[in-house]
Amino acid sequence: MELLKKYTQCFGPSGREDAVRDIIINEIQSFCDEIYTDALGNLIARKGKGGNKIIAVTNMDETGVIVTALENNGFLRFALVGGVDKRSLAGRRVVFENGTAGLIASENDNDNFDVSKMYIDAGVDGGINPGDMACFCGDFIENSGIIVSKSLSGRVGCYILTRAIKEIKQPENELYFIFSTQKEVGMRGAKTAAYGIGADYAVSVDTTACDDVPGGESHVRLGGGCTVKVMDKSVIAHHEVREKLTELANAEAIDYQLEVNSNMRACAGAVQTCGMGVKTGGISVPVRNIFSPSEIASTKDIECALKLLKLYLCR
Amino acid sequence: MKELVKKLSDLRGISGFEYRLSDEIIRMMKLYADNVYRDSLGNVIAEKKSGLENSTKIMIEGHIDEIGLMVSGIDENGFVSFVNVGGIDDRILPSCEVILHGKSDIPGVIGAKPPHLQTKDESKKPMKPEDMAIDTGYSAEELKKIIRIGTPVTLSQSCGELMNGNISLKALDDRAGTTVVIDVLRRVQNLDLNADIYFVATVQEEVGLRGAKTAANIIKPDIAISVDVCHAVTPDNSEDAYLCGSGCIISSGPNVHNGIKKRLIKLCERFNIPFEIDTDGGYTGTNAWEIQVSGSGVATALLSIPVKYMHNPVEMMQLSDIEAVRNLIYRFIENYDIDSEDLLCC
C-alpha cells in the first residue's frame, strides 16, 4: 500500500494535478505502449493494439480551497474547489503547493457555515497569493485491512489503474487508461480525454459513498466487495457493460455489490456522452466519510475492484 | 395514430433501460426505412436518403425514455425501497400501482401510512421516497430471486380514452413525440426527398438530455426538429401553458433558429394547421437545447404538444394536437427543396 500512500498524500486540487500526474507517469511509463497528455492535463496511457477499444477512466484531482483575498495580519480568505462538506471545514488543516500549512478558522456567529466568514490562518506574511490553491491534510493510516486518508476518492482509482497497467501483460484489446483532471468541479477532464479515442466500451473506476454507519441508510457496505454501478447522478450504466461485469464477478467469485446512488458522480457520465457516445459502466470502491480528509476504504474492496477491472479489460 | 400512441405508451422503459422497448421501435421503423440502427447509448436512428449529393441533413427526434423508479434495497419483510429516475413528483407516488421489471415483470403497489396512524405533522407534509416502499406480496427470499438492486420500475397505468378525442396515458412525455417521428417516417416513405432525413428515437432525455447529444454528434445534421411536450392549461396553471386542442406549439427564442421557425409558421398558415407560438427566453429543457450546440452547431426548432399533468401517470392530451405536429413536420419535409437552403442564411 506504499503506492496508494504516495498517491493520496500528493498535492493535486482540481486544475493543479501536475504533481500527481508526474508520479503516475513515473510509475507506469515502462509498462505502456504510448503515453500522452492533452490540453486539459489529462494523462492517457495506451497498452495493446487491436481487439476492442476499451477505456478505463479515473480522476487525479482532489477537492481543496483557493485563496481569494489576503487580509491584514496574513489571514487568507478562500473559496472552495469542488464539493466539500462545509460543516466540518473549521478546524481543518490545509497545505499549499509550496508546503505552507494553515488552519481554517471561522468568525464568531457563523452558524450557517458561510465560507465567506471563514479564513485560513497560515501565520505567514507573503509567499501566498490570490489564486493559490491548497488541499486538505489527512495522513495515511493502514490498520488491519482498513485505510484512512485524504483523497482516497480519485487516488484509489489511480492506484487501481496503475496496478492494472503493470499486471496486465499482453492485452488482446486496445486499452486506454485515462487519469483525468477536474472531476471534482464537473467531470471536465474526462470529457475531452475520451473524445478522440472512439472507444467501444468504457469502465470508470471511482469511489462511492458508503453510509453503513450509525444513522446511515446505505445498502453498500465497507468490506462487502467493490460495487458494480447501475446508476448514479451522472450516469446510468450501459446494460451490456453492467451485465458483463456482474457475469465476470460471479464466475470468478469476486465479492461485489450493486450500486444505486442518486448523489455521487463518476467520470463515467462524461465519457458516456462524449463524441458519438461510448457504452459505459463503472466499478467503485466504497468509501466512508467521503469528501472528508479522513476517508475510509477497505483493502479487500480495492483488491476486488482491481481483479474485476483486469478481468473486464481482458474480456 | 391513436393506436400507435397507445401502443407506444404501453411499452415500458425508464431512462437507461430503453433497450427494453427499442427492439419494437426498430421493428416499426424498419417497415418504412432501409437503414435503421442503434448507437452506443441506445438511440435508434432511421435514415431516409434523398440520393442527392451533398444533401442537407434534417434530424427529427422524440425521446423514448420515461420517468420511473429504481430498486435501491429489499428489506427483511420484502418491502422494496427505491429512488426516482427522472423528474418524478413524490406527491403522486403513494397509491400508485407499479411494475417491477426483474427476471420477470411483477406487479406492486406503493402504499402509505393510513390516516389513522399519521401524526399531525405527517399529515401535512408530502411523503418522501425514502419513507415509501413498494409492496409486491412476495417474501424477501422469493423477491430476491426475481429482482435486485438496480431493477427498473415503471408506473403501471395503461391507456384510457376520455371524451372529445382526449387520451390519458402514462409516458405521453414523450411517446407522443415518438409517435410523431414514426408516423412522419411512415408518411414520407414514398416522397421524393430533397434532403436526407434522420428519424431518431432518443434515450435518456429525462436524466439530462444525454442521448440527443450523441445522436446529434453521429448524424451531424444541418437542421433538427425536436418534438416534445409542453404544459397545457389546467385549473391551477394557465401561465406559459396552452389549451389542449391548440394544435402545434412552435417555440421561439434563442434555442430556435429564426428562419426555420418562420418557415414552420408559414406552412401552418398555408396548410391550415392550428398552431400557437411559445416563447422561451433561454433554456427549453428539451433535447433541442443540446442538439443546437452539438458539433459545429445545428439550426434547431422545437415543436411541442400540450399535455396536462406532465410526469403524472395520467398525462392527458388531445389527439388532434399530435396530428397537428405530425402534419406540420410532414409538410416541412414535403416542401423542403433546394431553395430552402436559404433558410439557414437568415
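Below, read A as the first sequence line, B as the second, and so on, with proteins coming before strands; counting in each chain starts at 1.
- Near-neighbour residues of residues 282-294 of chain B relative to chain A, defined by a heavy atom under 4.5 Å from a heavy atom of that chain, are none.
- Around the OH atom of Tyr19(B), the shell of radius 6.0 Å holds more than 12 heavy atoms that belong to other residues, nucleotides or ligands.
- Applying the 6.0 Å contact sphere to CD of Glu141(B) captures no more than 12 heavy atoms from other residues, nucleotides or ligands.
- Using a distance-only test at 3.5 Å, with no hydrogens or angles considered, no donor-acceptor pair links the side chain of His238(A) to the main chain of Leu41(B).
- For chain B, the option among Asn261(A), Leu258(A), Val230(A) with the highest count of heavy-atom pairs below 4.5 Å is Leu258(A).
- The structure places CD of Glu240(A) at 9.0 Å from OG of Ser40(B), a figure rounded to the nearest 0.5 Å.
- For the atom pair CD of Gln257(A) and CZ of Arg148(B), the computed distance is 13.0 Å after rounding to the nearest 0.5 Å.
- Proximity of Gln272(A) to Gln204(B): side-chain heavy atoms (C-beta onward) are separated by under 4.5 Å at one or more points.
- Here the OG1-CZ distance, from Thr273(A) to Arg210(B), works out to 7.5 Å after rounding to the nearest 0.5 Å.
- Rounded to the nearest 0.5 angstrom, Met231(A) CE and Ile14(B) CD1 are separated by 7.0 Å.
- Environment of CZ in Arg12(B): crowded, with over 12 heavy atoms of neighbouring residues, nucleotides or ligands closer than 6.0 Å.
- Residue Lys113(B) qualifies as enclosed at atom NZ: its count of foreign heavy atoms under 6.0 Å is above 12.
- With rounding to the nearest 0.5 angstrom, the CE atom of Met276(A) is 7.0 Å from the CG atom of Asn217(B).
- When the shell of 6.0 Å around CZ of Arg27(B) is examined, it contains more than 12 heavy atoms from other residues, nucleotides or ligands.
- Comparing Val83(B), Asn43(B), Asn84(B) by heavy-atom pairs within less than 4.5 Å of chain A, the highest count is held by Val83(B).
- Annotation for Glu130(B): atom CD counts as buried by contact number, over 12 foreign heavy atoms lying within 6.0 Å.
- Val260(A) has its side chain out of reach of Phe82(B): every pair of non-hydrogen atoms, C-beta onward, lies at least 4.5 Å apart.
- For Thr246(A), the part lying under 4.5 angstrom from a heavy atom of chain B is the side chain only.
- Looking at Ser262(A), only its side chain comes within 4.5 Å of chain B, counting heavy atoms on both sides.
- Neither the backbone nor the side chain of Lys229(A) comes within contact range of chain B; no heavy atoms are under 4.5 Å apart.
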